[in-house]
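A short worksheet on the structure shown next.
Note on naming: letters A, B, ... go to the chains in the order of the sequence lines (proteins, then strands), and numbering restarts at 1 for each one.
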Protein chains: 2
Amino acid sequence: MADLWEVISDPNRRQLVQLLGQGEKTVTELSVHFPVSRSAISQHLLFLVEVGLIRARKEGRNRYYSLKPEGVSKLQGMFERFWTNELDLLVTEAKEIHHNKGEM
Amino acid sequence: MADLWEVISDPNRRQLVQLLGQGEKTVTELSVHFPVSRSAISQHLLFLVEVGLIRARKEGRNRYYSLKPEGVSKLQGMFERFWTNELDLLVTEAKEIHHNKGEM
DNA sequence: TGGATAGGTTAGCGTACGCTAACGCATTTA
DNA sequence: TAAATGCGTTAGCGTACGCTAACCTATCCA
């Protein structure tokens with residue numbers, strides 16, 4: 001079974017999510033930004049539909065893809081569950097180190 | 001070249017990061033939590049060292065692995081760059097939808 | 001009606017990846 | 001000193017994945 005982590009493990013899929021963040025887009029509109037074939041993009045989009053992150057709206061010859069708010073929300077939840085308090089503490093620690101370096 | 005996204009694309013590596021969030025641990029201590037061999041865990045750890053997310057401290061026969069604050073910081077930065085404002089807006093939108101549903 | 005355009009489908013290819021098994025090297029303990 | 005323990009290294013295996021090429025369907029326009 002596919003999970004949301006797989007979505008963001010591929011660079012092209014990550015970029016697709018970001019592009020769709022700007023609003024709904026067709027496959028060819030999206031394909032322009034990638035070096036790979038339209039077919040490859042189409043397959044990525046179908047995968048994103050499958051995991052519930054985006055949806056497709058048909059209008060004439062075009063298919064407009066857009067992000068599903070619930071899907072994006074799930075994605076965020078996934079990140080938040082992963083990012084434990086311990087990790088957050090280490091980040092502030094890193095900032096302090098960097099800050100001290102800057103002062104020396 | 002390996003990047004930090006690859007780190008979190010594997011379930012076992014994600015769990016390793018979280019376990020190391022609790023403090024430094026040896027390979028065998030970590031291996032206990034996984035169904036795979038110690039060798040597999042060792043290879044994951046070497047990868048995490050390679051990308052600069054963790055470091056190893058040798059003490060006798062043991063090797064204590066721990067998170068590098070700068071590495072964790074980079075990981076956070078990576079997430080933050082990915083998570084655009086547009087995506088954030090969609091999340092609040094999702095919450096409103098869910099809220100309305102609850103009221104109906 | 002015929003071509004052009006948008007997009008889904010499928011087979012197949014190359015390759016990267018996670019894992020195990022087996023071994024080697026230190027270090028500790030009996 | 002011999003056995004045991006902790007860990008890294010390597011070869012090789014199976015498989016999943018991203019991609020292309022080729023084809024098909026549906027819709028639009030001349």
Side-chain angles (χ1 to χ4, degrees), chain A residues 1-20 22-68 75 78 82, chain B residues 1-20 22-68 75 78 82:
Chain A
M1 258 276 286
D3 75 325
L4 281 175
W5 281 108
E6 291 177 39
V7 169
I8 51 91
S9 69
D10 180 72
N12 288 339
R13 281 199 291 267
R14 286 198 296 273
Q15 199 180 339
L16 279 174
V17 171
Q18 292 189 311
L19 287 169
L20 289 173
Q22 304 169 1
E24 59 174 16
K25 286 186 167 38
T26 68
V27 179
T28 16
E29 276 174 356
L30 291 166
S31 297
V32 174
H33 302 88
F34 299 88
V36 302
S37 73
R38 186 189 49 76
S39 172
I41 298 300
S42 185
Q43 289 176 53
H44 280 308
L45 289 170
L46 293 178
F47 175 72
L48 295 183
V49 168
E50 199 181 311
V51 298
L53 190 57
I54 69 174
R55 75 191 140 216
R57 180 174 66 81
K58 215 182 153 185
E59 187 182 312
R61 296 188 281 193
N62 296 321
R63 285 176 74 84
Y64 289 93
Y65 284 95
S66 58
L67 290 172
K68 284 173 69 179
L75 202 62
M78 184 187 80
F82 171 73
Chain B
M1 258 275 286
D3 75 323
L4 281 176
W5 281 108
E6 291 178 39
V7 168
I8 50 93
S9 69
D10 180 72
N12 288 338
R13 281 198 291 267
R14 286 198 296 273
Q15 199 180 339
L16 279 174
V17 171
Q18 292 189 312
L19 286 169
L20 289 173
Q22 305 168 1
E24 59 174 16
K25 287 185 167 36
T26 67
V27 180
T28 15
E29 276 173 356
L30 291 167
S31 297
V32 173
H33 301 87
F34 299 87
V36 302
S37 73
R38 186 189 49 74
S39 171
I41 298 301
S42 185
Q43 289 176 53
H44 281 308
L45 289 170
L46 293 178
F47 175 71
L48 295 183
V49 169
E50 200 181 311
V51 298
L53 189 58
I54 68 174
R55 76 193 139 213
R57 180 175 66 81
K58 214 182 155 186
E59 189 182 310
R61 295 189 278 195
N62 296 321
R63 285 177 74 84
Y64 288 92
Y65 284 96
S66 57
L67 289 172
K68 285 173 68 180
L75 201 62
M78 184 187 81
F82 171 72

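If you run salt bridge (Lys or Arg N to Asp or Glu O under 4.0 Å) between E24(A) and each of K58(A), R57(A), K68(A), R55(A), only R57(A) comes through. Here the rule is side-chain contact (heavy atoms from CB on, under 4.5 Å) with D10(B), and of N12(B), I8(B), V7(B) only N12(B) fits it.
Looking at heavy-atom distances under 4.0 Å, Y65(A) makes contact with sugar-phosphate atoms alone, never a base.
Protein atom NZ of K58(B) is 10 Å distant from nucleotide atom P of dG8(D), rounded to whole Å. Rounded to a whole Å, the CD atom of E6(A) is 13 Å from the C1' atom of dC17(C). Going from atom CG of N12(A) over to atom P of dA16(C) covers 16 Å, rounded to whole Å. Note: CG (D10(A)) to P (dT15(C)) measures 18 Å, nearest angstrom. Atoms CD (E59(B)) and C1' (dC7(D)) sit 15 Å apart, rounded to a whole Å. Rounded to whole Å, the distance from CD1 on I41(A) to C1' on dA6(C) is 15 Å. To the nearest angstrom, P of dG18(D) lies 13 Å from CG of L46(A). Distance NE2 (H44(A)) to P (dG7(C)): 16 Å, rounded to an integer number of Å.
The shortest distance between the side-chain N/O atoms of T28(A) and the OP1/OP2 oxygens of dG7(C) is below 4.0 Å. For dG18(D), the OP1/OP2 oxygens have a side-chain nitrogen or oxygen of R13(A) closer than 4.0 Å. For S37(A) and dT20(D), the shortest distance from a side-chain N or O to OP1 or OP2 is below 4.0 Å. Put simply, N62(B) has no side-chain N or O that comes within less than 4.0 Å of OP1 or OP2 on dT5(D). Contact check, S42(A) against dG8(C): a side-chain N or O comes under 4.0 Å of OP1 or OP2.
When the nearest nucleotides of DNA chain D are assigned to P35(A) and R63(B) by heavy-atom distance, the more 5′-ward of the two goes with R63(B). Comparing Q43(A) and Y64(A), the nucleotide of DNA chain C nearest to each residue sits closer to the 5' end for Y64(A).
Taking every side-chain heavy atom of V27(A) into account, dG7(C) is the closest of dG7(C), dT10(C), dC19(C). Nearest to the side-chain atoms of T26(B) among the listed nucleotides dT20(C), dG7(C), dC7(D) stands dC7(D).
A donor N or O paired with an acceptor N or O is found under 3.5 Å between the base of dG7(C) and the side-chain atoms of R38(A).
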